[in-house]
Amino acid sequence: MRTTWAFHAASQLLFGHHATRQLGEVAQRLAAKRTLIVTDPALLKAGLVEQIHVPLTETGVLVEVFSGGEPEPSFRAAEACIAAARDFKPDALLGLGGGSNMDLAKIAATVLAHGGHPRDYVGDDKIPGPVFSLICVPTTSGTGSEVSAASVLTDTDSKLKVGVLSNYLRPRVAVVDPMLTVSCPPKVTADSGIDALTHAIEAYTAVDNESFPLPPGERSVYQGRHPMGDLLAEKAIHSIGKFLRRAVADGQDLEAREGMALGATLAGMAFSNVGVAAVHALEYPVGGAVHCSHGAGNGLLLPYVMRFNLPARRKEFAAIARLLGEDVSGLNELHAAERAIEAVTKLRTDIGIPRCLRQIGVTEDQLRPFAEKAAGIRRILRVNPRPVTVDDLEGILRAAY
Ligand SMILES: NC(=O)c1ccc[n+]([C@@H]2O[C@H](COP(=O)([O-])OP(=O)(O)OC[C@H]3O[C@@H](n4cnc5c(N)ncnc54)[C@H](O)[C@@H]3O)[C@@H](O)[C@H]2O)c1
Ligand SMILES: [Fe+2]
């Protein structure tokens, strides 16, 4: 029985409006005289790269920009980023963007430090030591990649999202500035926001740390549910429940943007230690095969997985209902727990997340193969509070179809 747990995050977290103005000092502390910003064309156009460039160059840092990032980045994009870094010879990489660009910077930092190909590091704990100096600056409120131990890439050959998981992937510094998310279009706000809610809910309802089923000799970044994860997930669920609708409805609502930025980063700290579970395992094959963002796929699947997990986590679901602002007074535990599923379903509808797999172009003959692919992602499925078979996974997909 495992009775110990650990907690990791970025070495330093700077949070708040205009936190990016401190990037010059951050670079100085890291002795980063040459910094490569890893980003994408949309963020260049939105003027966000400029906002990062200025404080860096003001302190004499030489900056180069790699703008070949793409949503749900492929190995090809990673190779292009690594090549750009080898040309420029930076002292630090700065991932600027949503999870996609930050993950690109993370895998590039790995290959720069240890050589080989991004594919070599896919899986749990395959990185042999510290990676290249890394700063992450999120422009969405979603993935928590700025504090997390993951880099998620798309293997275009196998049409599957693959994850590199290692505590070495946690950035040296995370700079979370809600002002950078103001330009996020409503769809990106909604999709990334419900991804963050999924992180918090999957962490809060994960299998207990004491009974985390890790086979002897295997190592894992994920450890199952523990008190620190609970603390962070509770605050995240509450903040996201309060602010996600507002951030989607009015991107200029700065209070909502700040609440979402906080919720997403705290959810990132929670899930990246405790783990994510069946929602994420199912989203990997779905997202790899159809044109659907990671967040939208998770948001679509979340209530169906909650329904499956309800028998194992009634008390926690009742608490989630309360955290999401539901009045559960007078209800018994089961009814209160049901309200969490209803609240998530309503939130999902209100922010325009697709309701069923058919709506995103999935066909019925894909359900079994998706279930089989998801069943192979043991490092995630073992976090689920209820043991889950390939038939269970197919059942969840059928309910979501
Ligand atoms: N590393 C992790 O821990 C982790 C966790 C969850 C998900 N992910 C991965 O992260 C990716 C999703 O990241 P995401 O949801 O943040 O979206 P994203 O990074 O894919 O961005 C989506 C789109 O929004 C644009 N965008 C982002 N911020 C913007 C802004 N402020 N203004 C205007 N446009 C903006 C981007 O240019 C992009 O076109 C997926 O690949 C997912 O699998 C990683
Ligand atoms: Fe996610």
Side-chain angles (χ1 to χ4, degrees), residues 9-10 20 38-49 51-52 67-74 77-78 95-107 134 136-155 160-167 169-171 174 176-203 221-222 247 251 257 260-261 264-265 267-273 275-277 279-284 286-288 292-299 301-302 380:
T20 47
V38 176
T39 192
D40 67 49
L43 297 182
L44 263 178
K45 200 162 154 234
L48 297 192
V49 178
Q51 286 183 45
I52 303 304
S67 60
E70 59 187 14
E72 329 278 322
S74 60
L96 172 69
S100 295
N101 298 345
M102 291 190 281
D103 287 0
L104 209 52
K106 287 164 103 173
I107 193 65
L134 182 66
C136 278
V137 184
T139 63
T140 59
S141 294
T143 68
S145 182
E146 66 278 7
V147 289
S148 89
S151 167
V152 184
L153 301 164
T154 303
D155 185 341
L160 190 66
K161 302 279 286 288
V162 292
V164 178
L165 262 182
S166 164
N167 279 318
L169 275 182
R170 307 217 190 235
V176 182
D177 184 342
M179 296 306 283
L180 295 183
T181 66
V182 169
S183 57
C184 251
K187 183 178 183 311
V188 176
T189 305
D191 290 6
S192 55
I194 202 131
D195 185 27
L197 181 64
T198 309
H199 294 158
I201 290 180
E202 293 217 281
V221 167
Y222 295 158
R257 290 297 196 185
M260 282 306 301
T265 298
M269 290 184 188
F271 94 80
S272 66
N273 288 279
V276 282
V279 180
H280 275 74
L282 285 167
E283 194 283 324
Y284 278 7
V286 173
C292 169
S293 75
H294 170 76
N298 278 337
L301 292 162
L302 178 59
I380 293 185

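Both ligands and their constituent atoms are indexed starting at 1 by order of listing.
- Counting heavy atoms from C-beta on, the side chains of Thr181 and Thr189 never come closer than 4.5 Å.
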Pair up each side-chain donor or acceptor in residues 95-107 with any protein partner under 3.5 Å, not counting sequence neighbours, and list the distances.
| residue | atom | partner | partner atom | Å |
| --- | --- | --- | --- | --- |
| Ser100 | OG | Glu72 | N | 2.9 |
| Asn101 | ND2 | Asp40 | OD2 | 2.9 |
| Asn101 | ND2 | Leu96 | O | 3.0 |
| Asp103 | OD1 | Ser145 | OG | 2.6 |
| Asp103 | OD2 | Val152 | N | 2.9 |
| Lys106 | NZ | Ser145 | O | 2.7 |
| Lys106 | NZ | Ser145 | OG | 3.1 |
| Lys106 | NZ | Ser148 | O | 3.0 |
| Lys106 | NZ | Ser148 | OG | 3.1 |
| Lys106 | NZ | Ala150 | O | 2.8 |

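- With sequence neighbours left out, Lys187 forms a salt bridge (charged side-chain N to carboxylate O under 4.0 Å, His left out) with Asp191.
- Contact of the Val176 side chain with the Glu146 side chain is registered, since non-hydrogen atoms from C-beta on lie closer than 4.5 Å.
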What does the N/O contact table under 3.5 Å look like for ligand 1?
| residue | atom | partner | partner atom | Å |
| --- | --- | --- | --- | --- |
| ligand 1 | 1 (N) | Asp103 | OD1 | 2.8 |
| ligand 1 | 1 (N) | Asp103 | OD2 | 3.2 |
| ligand 1 | 1 (N) | Ser145 | OG | 3.2 |
| ligand 1 | 1 (N) | Ala150 | O | 3.0 |
| ligand 1 | 3 (O) | Ser148 | OG | 2.6 |
| ligand 1 | 13 (O) | Gly99 | N | 3.2 |
| ligand 1 | 16 (O) | Gly99 | N | 2.8 |
| ligand 1 | 16 (O) | Thr140 | OG1 | 2.7 |
| ligand 1 | 19 (O) | Gly99 | N | 3.3 |
| ligand 1 | 19 (O) | Ser100 | N | 3.1 |
| ligand 1 | 19 (O) | Ser100 | OG | 3.3 |
| ligand 1 | 20 (O) | Ser100 | OG | 2.6 |
| ligand 1 | 28 (N) | Thr139 | O | 3.4 |
| ligand 1 | 28 (N) | Thr139 | OG1 | 2.8 |
| ligand 1 | 31 (N) | Thr139 | O | 3.0 |
| ligand 1 | 31 (N) | Leu180 | O | 2.9 |
| ligand 1 | 31 (N) | Ser183 | OG | 3.2 |
| ligand 1 | 32 (N) | Ser183 | O | 3.3 |
| ligand 1 | 32 (N) | Ser183 | OG | 2.8 |
| ligand 1 | 37 (O) | Asp40 | OD1 | 3.1 |
| ligand 1 | 37 (O) | Asp40 | OD2 | 2.8 |
| ligand 1 | 41 (O) | Glu72 | OE1 | 3.4 |
| ligand 1 | 43 (O) | Lys161 | NZ | 3.2 |

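- The distance from the OG1 atom of Thr198 to the CG atom of Leu302 is 4.5 Å, given to the nearest 0.5 Å.
- Across all their heavy atoms, Ala196 and Gly142 have their closest contact at CB-O, 3.3 Å.
- Using a 4.5 Å heavy-atom cutoff, the side chains of Thr143 and Asp195 are in contact.
- Using cut-offs of 30° and 60° for the angle between ring planes, the His199 and His294 rings count as tilted.
- Around the Fe ion (ligand 2), the protein atoms of type N, O or S found under 2.8 Å away are Asp195 OD1, His199 NE2, His280 NE2, His294 NE2, listed by chain and number.
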Before you tell me yes or no, could you show the steps for Thr265 and Val147 under side-chain contact (heavy atoms from CB on, under 4.5 Å), namely the whole-Å CA-CA distance, both residues' side-chain angles and the distance that decides it to 0.1 Å? CA-CA 7 Å; Thr265 298; Val147 289; 4.0 Å; yes
